[in-house]
Each structure stands twice: as C-alpha cells, then as structure tokens.
Amino acid sequence: MGNIKVFYECDHAFHHTIAKAAKHPGATTFVNQTRLQLTRVRSLVVVEQGHMESVIKEHLQILKALDSGTIDQALKAMQFHLDTVYATIERLKNAHADFFVDKK
C-alpha cells in the first residue's frame with residue numbers, strides 16, 4: 001500500500017507549495033488550518049484501494065499544467081481535484097456520520 005505517513009506529508013507539502021506559489025493572502029493559512037480536518041478525512045479514505053494513486057495522479061496533472069504555463073488546464077485540473085475531494089467527503093459523511101459535525 002505504500003507508506004501512508006510519507007503520503008500525508010507529501011500531500012500536505014504539495015498543497016502548501018501551491019498555496020504559497022499562488023501568493024494569495026490567506027491561502028497558506030487556509031491550507032494549514034484545514035490540515036487537521038483533512039487528516040481526519042484521509043484516515044478514512046487512504047486505506048481504500050487506489051486512493052493514494054488517484055490523488056498522486058491528480059496532483060501530477062495540476063503540476064504538469066502549471067509547469068507548462070497553461071493556466072486554463074491548471075484551473076481545470078485543480079477544479080477536478082477539488083470536486084473529487086468534495087465528493088469523497090460527502091461519501092464519507094454518509095458512511096461515517098460520527099466523524100463529522102453538521103453545522104447548519
């Protein structure tokens with residue numbers, strides 16, 4: 001399955017690097033503030049077959065688009081990644097409601 005701890009560290013480093021490179025006020029703060037919540041979600045999903053590989057593939061698509069300077073492709077790849085994350089969170093909320101607090 002690979003080294004889960006290394007995956008967590010690389011995943012966070014990737015998000016942190018993208019946020020820092022964006023030079024958007026608060027982006028790095030947001031990544032740091034959501035780290036704990038993402039770690040909780042990751043603990044539920046990382047054991048699923050193929051999850052780490054899918055995330056790595058999505059990150060590579062973002063990186064390739066940024067490296068080539070194709071902003072539209074980078075935005076598309078980032079949106080796909082975020083949509084996947086949000087869909088995963090919704091799926092996990094349904095399967096593991098006790099891990100989530102519904103703030104309505």
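Count residues from 1 along the sequence. The structure presented is a predicted model; accordingly, all values stated were derived computationally and were not measured. The figures that follow rest on heavy atoms only: side chains count, while hydrogens, waters and symmetry mates do not.
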Q: Could you list the residues that satisfy side-chain hydrogen bond (donor to acceptor under 3.5 Å, both in side chains) with Ser68, not counting sequence neighbours?
A: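 Thr70.
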
Q: Through direct or indirect side-chain contacts below 4.5 angstrom among Ile, Leu, Val, Met, Phe, Trp and Tyr, which residues connect to Leu82?
A: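 Taking Ile, Leu, Val, Met, Phe, Trp and Tyr as members, Leu82 shares its hydrophobic cluster with Tyr86.
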
Q: Sort and list the pairs that fulfil salt bridge (Lys or Arg N to Asp or Glu O under 4.0 Å) and have at least one residue in residues 60-74, not counting sequence neighbours.
A: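 Matches after skipping sequence neighbours: none remain.
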
Q: Would you say Phe30 and Ile18 are hydrophobically clustered, going by side-chain heavy atoms of ILVMFWY under 4.5 Å?
A: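 No, it is not one cluster - the side chains of Phe30 and Ile18 are not joined through contacts under 4.5 Å.
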
Q: Does anything in residues 31-77 form a ring-ring contact (aromatic ring centres under 6.0 Å, His included)? List the pairs, not counting sequence neighbours.
A: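 Qualifying pairs: Phe14-His59, His15-His59, His59-His81.
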
Q: Could you list the residues that satisfy salt bridge (Lys or Arg N to Asp or Glu O under 4.0 Å) with Lys20, not counting sequence neighbours?
A: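 With neighbours one apart ignored, the set is empty.
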
Q: Does any non-hydrogen side-chain atom of Leu60 lie less than 4.5 Å from one of Lys57?
A: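 Heavy-atom side-chain distance check fails, nothing below 4.5 Å.
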
Q: Taking only residues two or more places apart in sequence or in another chain, which ones pass side-chain hydrogen bond (donor to acceptor under 3.5 Å, both in side chains) with Asp83?
A: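 Here the qualifying residues are Gln79.
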
Q: Could you give all pairs that pass the salt bridge (Lys or Arg N to Asp or Glu O under 4.0 Å) test and reach residues 3-18, with sequence neighbours left out?
A: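 Sorted pair list: Lys5-Glu9, Asp11-Arg42.
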
Q: Under the rule for side-chain contact (heavy atoms from CB on, under 4.5 Å), what residues qualify as partners of Ile89, not counting sequence neighbours?
A: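 Ile89 satisfies side-chain contact (heavy atoms from CB on, under 4.5 Å) with Val41, Val85, Lys93, Phe100 once adjacent residues are dropped.
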
Q: List the residues meeting salt bridge (Lys or Arg N to Asp or Glu O under 4.0 Å) with Lys23, not counting sequence neighbours, and say none if there are none.
A: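 For Lys23 there are no salt bridge (Lys or Arg N to Asp or Glu O under 4.0 Å) partners, ignoring immediate neighbours.
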
Q: In Å and rounded to the nearest 0.5 Å, what is the CD1 to NZ distance from Ile71 to Lys76?
A: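 So the CD1 of Ile71 and the NZ of Lys76 are separated by 15.0 Å.
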
Q: Between Val6 and Met52, is the side chain to side chain contact (heavy atoms under 4.5 Å, CB included) condition met? List the steps.
A: CA-CA 11 Å; Val6 171; Met52 286 192 288; over 6 Å; no

Q: Could I get the full list of salt bridge (Lys or Arg N to Asp or Glu O under 4.0 Å) partners for Arg35, not counting sequence neighbours?
A: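 For Arg35 there are no salt bridge (Lys or Arg N to Asp or Glu O under 4.0 Å) partners, ignoring immediate neighbours.
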
Q: Can you list everything that forms a side-chain contact (heavy atoms from CB on, under 4.5 Å) with Phe80? Sequence neighbours excluded, please.
A: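 Phe80 satisfies side-chain contact (heavy atoms from CB on, under 4.5 Å) with Glu58, Thr84 only.
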
Q: Remaining members of Val31's ILVMFWY cluster at a side-chain heavy-atom cut-off under 4.5 Å?
A: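 Listed partners: none, Val31 stands alone.
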
